[in-house]
There are 2 protein chains.
Amino acid sequence: MPQRTATKKVMLEVVKTACSNCNLRELCMPPGLDRREMEKLDELVSSRRRVARGEHLYRAGQHFDAIYAIRSGFFKTDVLIEDGRDQVTGFQMSGELLGLDGISTEAHSCNAVALEDSEVCVIPFSHLEGLSREMHTLQHHFHKVMSREIVRDHGVMMLLGTMRAEERLAAFLLNLSQRFTARGYSPAEFYLRMTRDEIGSYLGLKLETVSRAFSRFQEEGLIAVQQKYVRILSTEGLKKLMSHQRG
Amino acid sequence: MPQRTATKKVMLEVVKTACSNCNLRELCMPPGLDRREMEKLDELVSSRRRVARGEHLYRAGQHFDAIYAIRSGFFKTDVLIEDGRDQVTGFQMSGELLGLDGISTEAHSCNAVALEDSEVCVIPFSHLEGLSREMHTLQHHFHKVMSREIVRDHGVMMLLGTMRAEERLAAFLLNLSQRFTARGYSPAEFYLRMTRDEIGSYLGLKLETVSRAFSRFQEEGLIAVQQKYVRILSTEGLKKLMSHQRG
DNA sequence: GAGGCCGTTTGATCCACGTCAAACTTGGCG
DNA sequence: CGCCAAGTTTGACGTGGATCAAACGGCCTC
């Protein structure tokens with residue numbers, strides 16, 4: 001659509017950073033926008049940033065001034081306390097937001113690390129707030145996204161507080177499957193971008209326990225694993241596993 | 001201040017529900033508002049609601065249309081899954097907000113139960129969004145509050161994922177102490193509003209384990225406990241306990 | 001002031017997961 | 001092609017907290 005009036009100098013640039021023709025827009029943006037609103041939203045993204053595998057998008061303590069929408073790639077966030085212990089607080093994939101934790105104190109409270117070569121859209125937070133004041137739909141969408149994050153965290157607390165090892169891993173795999181599905185990938189077959197240690201940290205387990213649970217699932221015919229490659233053979237089996245009472 | 005122009009019919013009513021002369025305003029409201037802004041904020045609270053001990057403020061699944069600021073009292077929030085397991089996701093005291101989890105789907109995702117006779121200010125969410133669009137300070141404050149909730153949840157995930165029983169309880173007591181302090185109560189002496197079972201649920205422990213940890217802390221001279229009455233004798237001791245490496 | 005209920009404490013035992021250790025698999029690199 | 005490092009698997013053993021059980025303490029009712 002080269003006939004669109006562009007505020008940026010170079011047409012190529014516009015096409016590159018426009019939310020309005022990003023194939024992730026269903027994930028990032030409020031639904032049901034008209035053309036005018038979409039174009040306004042395009043202004044939100046000030047730039048894009050590539051983050052190579054293993055590099056930090058931001059670190060705990062750094063000044064916060066933007067949130068990030070993942071355009072491609074895969075991240076983890078983790079927090080660490082003085083004595084050296086750390087915990088992975090989440091894994092984020094394309095279309096999801098990073099950096100919401102930084103709003104509260106204007107400093108990031110966790111580290112965000114790319115688990116594969118990635119690219120993010122930089123959304124200066126002051127722009128977002130400004131545009132939110134003009135666009136009710138954007139405002140409401142943003143509030144929903146933050147709230148969803150809170151609900152998600154409650155789910156993880158549930159997992160950590162009440163589930164046993166195999167239930168946690170089953171919940172984790174089902175969650176990944178569902179998110180890959182939403183992105184048009186196979187629900188049953190995917191590569192894990194994280195190590196057993198990172199999965200364990202997220203699930204509150206040691207890497208050996210994660211590894212054993214994987215093996216057990218394989219023995220029982222629920223999945224096929226080979227290193228980071230996972231194929232789910234029985235979604236039902238995994239779900240049933242999760243609803244077993246403790247004890 | 002009876003000479004203030006009131007939009008409400010009865011002066012007494014205004015005084016009763018005005019945020020501007022609520023002694024919790026430092027906790028609820030953005031700092032540094034001028035008189036005009038404060039008066040605008042007063043309109044946010046549509047009504048107040050009393051919730052007797054043991055009653056629900058809202059239940060999971062109920063339609064969401066307002067968030068609640070606790071004026072007095074004490075609440076817990078919990079989630080439960082089909083198989084009967086449940087988990088306390090938080091304890092809330094005066095000046096704190098309840099209901100943020102409901103924004104994402106327009107339905108509450110957890111239950112909020114009063115642990116003592118309480119009173120909340122009802123803040124219709126559409127009002128809050130409306131006023132946020134007019135008042136940058138309110139908007140930013142609200143975003144910070146939501147973000148703080150996310151950071152808090154990460155702290156709980158850390159606790160559940162990496163800490164052992166006594167560390168969890170120490171962290172819990174220090175957190176309560178700090179929050180009571182912020183409200184002008186004694187940092188060292190308070191009544192627990194919740195049962196051992198509820199503490200355990202929050203901390204991912206069984207009630208017996210919580211009870212044993214209390215006893216242990218008492219033996220070691222860190223605290224004095226008698227049922228729900230707790231006196232912290234050594235904040236330092238509790239802090240040191242938390243930074244012990246696992247193993 | 002006796003009786004009953006709910007929450008708590010304490011003890012004995014069990015088990016899921018952590019810890020320690022060794023072997024194996026994979027991928028990057030000279 | 002072979003070496004090395006990083007990640008994974010698997011086994012043997014230890015332990016923190018769960019489970020089961022019983023007694024105790026406060027509080028309410030009658």
Side-chain angles (χ1 to χ4, degrees), chain A residues 52-54 76 84-88 113 115-117 159-172 191-220 223-230 241-242 244-247, chain B residues 53-54 76 84-88 113 115-116 159-172 191-220 223-230 241-242 244-247:
Chain A
R53 180 192 152 106
K76 71 167 179 184
R85 282 182 288 190
D86 69 337
Q87 166 115 2
V88 171
V113 184
L115 295 183
E116 60 180 32
D117 291 350
L159 180 144
L160 292 171
T162 72
M163 291 186 183
R164 45 183 54 196
E166 294 190 4
E167 294 173 321
R168 295 184 200 189
L169 188 63
F172 175 71
Y191 279 94
L192 299 171
R193 271 71 173 182
M194 67 295 280
T195 66
R196 299 289 188 263
D197 196 26
E198 286 163 336
I199 297 173
S201 174
Y202 179 62
L203 298 177
L205 301 169
K206 292 289 143 183
L207 69 95
E208 294 94 330
T209 305
V210 174
S211 177
R212 276 185 245 271
F214 269 123
S215 302
R216 194 114 206 289
F217 286 178
Q218 175 142 264
E219 280 167 31
E220 288 169 359
I223 61 171
V225 226
Q226 197 174 28
Q227 304 290 126
K228 303 213 149 137
Y229 171 81
V230 173
L241 214 157
M242 278 181 58
H244 276 340
Q245 282 276 98
R246 182 181 289 216
Chain B
R53 180 191 151 108
K76 72 167 178 184
R85 283 182 286 192
D86 69 338
Q87 166 116 1
V88 171
V113 183
L115 295 182
E116 60 181 33
L159 181 144
L160 293 170
T162 73
M163 293 187 182
R164 44 182 54 197
E166 293 189 4
E167 293 174 322
R168 295 183 199 190
L169 188 63
F172 175 70
Y191 279 93
L192 298 172
R193 271 71 174 183
M194 66 296 280
T195 66
R196 300 287 188 264
D197 196 26
E198 286 163 336
I199 297 172
S201 174
Y202 180 61
L203 299 178
L205 302 169
K206 291 289 141 181
L207 68 95
E208 295 94 328
T209 306
V210 173
S211 176
R212 276 184 245 271
F214 269 121
S215 302
R216 195 115 206 288
F217 285 178
Q218 177 142 263
E219 280 168 31
E220 288 168 1
I223 62 171
V225 225
Q226 197 173 28
Q227 306 288 126
K228 303 214 149 138
Y229 172 80
V230 172
L241 213 156
M242 278 180 56
H244 276 339
Q245 282 276 102
R246 181 181 288 215

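Sequence lines set the chain letters: A, B, ... in the order given, protein chains first and strands last, and positions in each chain run from 1. Since the model is a prediction, treat every value here as computed from it, not as a measurement.
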A.B. asks: Rounded to whole angstroms, how far apart are CD1 on Ile199(B) and P on dG7(C)?
C.D. replies: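 From Ile199(B) CD1 to dG7(C) P: 13 Å.
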A.B. asks: What's the closest nucleotide to the side chain of Ser215(A) if the choices are dG17(D), dG18(C), dT10(D)?
C.D. replies: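 Ranking dG17(D), dG18(C), dT10(D) by closest atom to the Ser215(A) side chain puts dT10(D) first.
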A.B. asks: For Arg216(B) and dT9(C), give me the distance from atom CZ to atom C1', rounded to whole Å.
C.D. replies: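 It is 16 Å, rounded to the nearest whole Å.
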A.B. asks: Considering only dC17(C), dT8(C), dT26(C), which nucleotide approaches the side chain of Gln226(A) most closely?
C.D. replies: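 For Gln226(A), the side-chain atoms sit closest to dT26(C).
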A.B. asks: Taking all non-hydrogen atoms of both residues, which atom of Val88(B) and which atom of Glu198(B) are closest, and how far apart?
C.D. replies: CG2-O, 3.9 Å
A.B. asks: Touch check for Gly204(B), heavy atoms < 4.0 angstrom, all strands: base, sugar-phosphate only, or nothing?
C.D. replies: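 The residue Gly204(B) makes sugar-phosphate contact but no base contact.
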A.B. asks: Can you tell me the distance, in whole Å, between the CD atom of Glu167(A) and the P atom of dA16(C)?
C.D. replies: 12 Å
A.B. asks: Write down the atom of Val210(B), the atom of Gly200(B), and the distance for their closest heavy-atom approach.
C.D. replies: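 Between these two residues, the closest heavy atoms are CG2-CA, 3.5 Å.
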A.B. asks: Let's test your reading of the model: under 3.5 Å, does the base of dC27(D) pair with the side chain of Gln227(B) as donor and acceptor?
C.D. replies: no
A.B. asks: For Tyr191(B) and dG26(D), what is the distance between atoms OH and P respectively, to the nearest whole Å?
C.D. replies: 13 Å
A.B. asks: Of Phe214(B) and Ala165(A), whose nearest nucleotide on DNA chain C comes first from the 5' end?
C.D. replies: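 This one resolves to Phe214(B).
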A.B. asks: Atom CD of Glu219(A) and atom P of dG11(D): how far apart are they, to the nearest Å?
C.D. replies: 9 Å
A.B. asks: Take atom OH in Tyr229(A); do more than 12 heavy atoms of anything else shown fall under 6.0 Å from it?
C.D. replies: yes
A.B. asks: How close or far is atom P of dC14(C) from atom NZ of Lys206(B), stated in whole angstroms?
C.D. replies: 19 Å
A.B. asks: Any base atoms under 4.0 Å from Leu205(B), or only sugar-phosphate, or nothing? Heavy atoms, all strands.
C.D. replies: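 Contact class for Leu205(B): sugar-phosphate only.
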A.B. asks: Can you tell me how far P of dT9(C) sits from CG of Leu192(B), to the nearest Å?
C.D. replies: 10 Å
A.B. asks: Output the rounded distance in Å from CG (Leu207(A)) to P (dG7(D)).
C.D. replies: 10 Å
A.B. asks: Could one point to a donor on the side chain of Arg212(A) or the base of dG11(D) with an acceptor on the other under 3.5 Å away?
C.D. replies: yes
A.B. asks: Would you name the heavy atoms of Leu241(B) and Glu167(B) that are closest together and state the gap between them?
C.D. replies: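 Between these two residues, the closest heavy atoms are O-CG, 3.6 Å.
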A.B. asks: Over all heavy atoms of both residues, which pair between Arg85(A) and Met163(B) is shortest? Give the atoms and the distance, please.
C.D. replies: NH1-CA, 4.0 Å
A.B. asks: Kindly indicate whether the side chain of Arg168(B) and the base of dG17(D) share any N or O donor-acceptor pair separated by less than 3.5 Å?
C.D. replies: no
A.B. asks: Once you apply a heavy-atom cut-off of 4.0 Å, does Ser211(A) come out as touching a base, just sugar-phosphate, or nothing?
C.D. replies: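 Base contact.
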A.B. asks: Which one, dG7(D), dG7(C), dT10(C), comes nearest to the side chain of Thr195(B)?
C.D. replies: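 It is dG7(C).
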A.B. asks: If you check every side-chain atom of Glu208(B), which of dT10(D), dA21(D), dA18(D) has the closest atom?
C.D. replies: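 Shortest atom-to-atom distance from the side chain points to dA21(D).
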